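Note sheet for the following structure.
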Amino acid sequence: MKKIYYSYYLIILLITISCNSKGKETEIVNSKPNILLLVADDMGLSDIGPFGSEIQTPALNRLAEQGILLSNFHVLPTCSPSRSVLLSGTDNHIAGLGAMGEMMTAEQKKNPGYEGVLNKTVAALPEILFEAGYHTYMVGKWHLGEEDGFKPSDRGFEQTFVLLNGGGSHWPDQLPVSPTEPMTYARNGEEIETLPEDFYSTKNYTDNLLEWLEADKVDGKPFFAYVAYTAPHDPLHAPKDYIDKYKGAYDAGFDVLRTERYNKLKELGIISEDTNQFPWNGVKWEELSEEEQQITAREMEVYAAMIDYMDAQISRIFTWLEESGKMDNTMVVFISDNGANGHHFTAYPGQTQEFMDSFNNSLENMGLPNSLGDMGPNWASASMSPFRLFKGFTTEGGIRAPCVIKLPKSKKSNESMIHSFGHISDLMPTFLALAEVIHPSEESKSTPPMMGKSLVPLLTGDVENIHVNEGVGYELHGNRAYFKDEWKIVSLVSPFGTGDWQLYNLSQDPSEINDLSVAFPDKKEELIAGWNVYKEYVGMVYPLN
């Protein structure tokens with residue numbers, strides 16, 4: 001009898017140990033934070049509520065209340081170079097997008113770093129996280145390679161529903177923004193010929209992500225979800241009921257909006273009270289005819305509707321995280337990939353008047369299928385107020401972006417806003433640090449190291465600055481910049497500049513109004529020397545011809 005009891009006891013003990021062991025294994029896996037990376041496309045600094053916008057963004061407002069605003073966060077001037085840095089942690093000239101693929105010169109194409117795709121030299125973030133046991137999901141805009149071997153499904157993403165190229169219609173018609181750049185959607189590497197009749201980009205991206213999250217929610221694995229919305233990239237399209245919400249909201253014009261946004265940024269403490277506005281020399285609202293004012297106001301109404309709708313879809317993701325009990329252990333990051341887009345459609349390669357005339361851009365149809373609207377420079381300057389210029393430029397208006405970050409609950413922070421310099425290359429090191437995953441460059445010299453630094457000590461309040469006495473360089477299509485502490489040099493190509501370097505102290509003059517080249521010649525030379533070192537390190541092909 002004693003043997004029977006002993007055997008029974010032993011069985012129970014083994015089952016208990018086994019269950020406890022499995023529980024611990026699950027707990028170890030679940031201790032890895034989930035990562036939700038939300039990226040808006042061509043959205044301005046002050047276009048969401050946390051940065052003072054009148055556009056309704058309750059989900060992002062709630063995220064800001066739970067997280068931290070980075071008021072001095074920088075990206076690259078345009079889409080694909082920014083995304084190459086985001087997913088490699090290094091410089092765009094190393095990652096393959098030394099220039100946008102659509103604008104690369106023949107000389108550049110001969111050189112490494114100018115492949116026009118996220119090249120195989122760098123280690124991609126999803127590849128690393130997938131190998132570390134993460135689910136890796138991507139929806140939205142890729143713009144880093146359309147050929148086999150370079151699609152997101154080839155670079156570590158487990159599930160994908162993506163727009164492979166740079167932009168186009170948000171409706172199911174798949175009308176391109178340029179006749180030379182047709183739209184291509186793909187799911188898990190397979191191109192999609194026809195979209196559902198009720199397709200709208202922002203909604204369907206979210207639908208796919210939620211389907212994957214739900215399917216995998218009980219397997220104990222953490223996830224990395226890259227949600228690369230194509231809103232509010234042109235063409236400006238939105239559901240009609242969302243457009244109607246903003247009817248009349250912008251009838252006062254872009255000059256008024258520019259001032260309102262500027263004042264709100266000061267009120268929120270995102271810029272200092274003594275920050276001046278860069279003088280905008282565009283057309284004045286009162287110079288437009290009544291019809292022109294109606295059309296121009298409608299463009300901004302549609303733009304606002306796109307952001308409002310995007311926020312509603314982000315809310316769906318947040319609701320799923322909360323209801324599934326995963327929000328606490330999820331790091332959430334929201335950014336825009338570059339400044340607001342002030343360029344008209346005529347700037348796209350291959351544009352013809354015949355192509356433009358094929359769309360119905362009547363006031364009644366603006367924002368709806370078969371329309372082709374853009375934001376233009378005047379509204380873009382309001383979205384980037386008080387800074388200089390917008391997308392495409394290495395001035396603050398082209399590269400300063402909204403950034404909201406919520407840490408996993410395990411990482412404590414008393415911060416609500418951080419004014420220290422941050423850069424898009426810092427996000428990948430941050431994610432790897434939180435996931436406790438080492439970068440392949442630490443084991444192999446053949447993989448380029450990350451150039452960014454983890455934001456974790458900054459976000460948790462352990463340090464006040466992660467970029468102390470070290471430079472961060474820029475170059476895209478001839479426009480250049482270099483940051484070091486509070487100083488910045490900028491050089492713009494003609495007709496927006498002379499190509500000469502200008503010097504600014506961003507702590508006193510973030511709007512880049514007062515060139516201090518004459519007053520501080522030694523500082524200017526120091527930064528130029530730093531940029532030259534950066535140029536050599538990244539293998540830049542400059543000048544362009």
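Note that this is a predicted model, so its numbers are computed, not measured.
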Answer with yes or no whether the side chains of [Y] and [X] bring together a donor and an acceptor at under 3.5 Å.
X	Y	result
Gln353	Asp357	yes
Gln277	Ser385	yes
Asp91	Tyr537	no
Gln159	Asn188	yes
Asn341	Asp234	yes
Thr90	Ser88	no
His423	Tyr474	yes

Would you please classify the geometry between the Tyr229 ring and the Tyr205 ring as parallel, tilted or perpendicular, with 30° and 60° separating the classes?
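Answer is tilted, since the angle falls between 30° and 60°.
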Going by the angle between their ring planes, with limits at 30° and 60°, are Tyr250 and Trp379 parallel, tilted or perpendicular?
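Because their plane-to-plane angle is over 60°, the rings of Tyr250 and Trp379 count as perpendicular.
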For the ring pair [X] and [Y], is the centre-to-centre distance below 6.0 Å?
X	Y	answer
Phe421	Phe483	yes
Tyr200	Trp171	yes
Phe496	Phe393	yes
Tyr348	Phe345	yes
His343	Phe390	yes

Any sub-3.5 Å donor-acceptor pair from [X]'s side-chain atoms to [Y]'s backbone N or O?
X	Y	value
Thr57	Leu60	no
Asn479	Thr394	no
Ser371	Gly367	yes
Tyr114	Val541	yes
Asn92	Val85	no
Arg480	Gly499	yes
Asn338	Cys79	yes

With a 4.0 Å cut-off on N to O distance, would you call [X] and [Y] a salt bridge?
X	Y	value
Arg155	Glu127	yes
Lys488	Glu396	yes
Glu190	Arg187	no

On the six-membered ring of Tyr309, is Lys245 placed so that its NZ or CZ lies under 6.0 angstrom from the centre and within 45° of the ring axis?
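Checked: cation-pi criterion not met.
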With Lys141, which residues qualify under salt bridge (charged side-chain N to carboxylate O under 4.0 Å, His left out), at least two apart?
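Lys141: salt bridge (charged side-chain N to carboxylate O under 4.0 Å, His left out) contacts with Asp41.
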What heavy-atom pair brings Asn72 and His74 nearest, and what distance separates the two atoms?
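Residues Asn72 and His74, closest heavy atoms: OD1-CE1, 2.8 Å.
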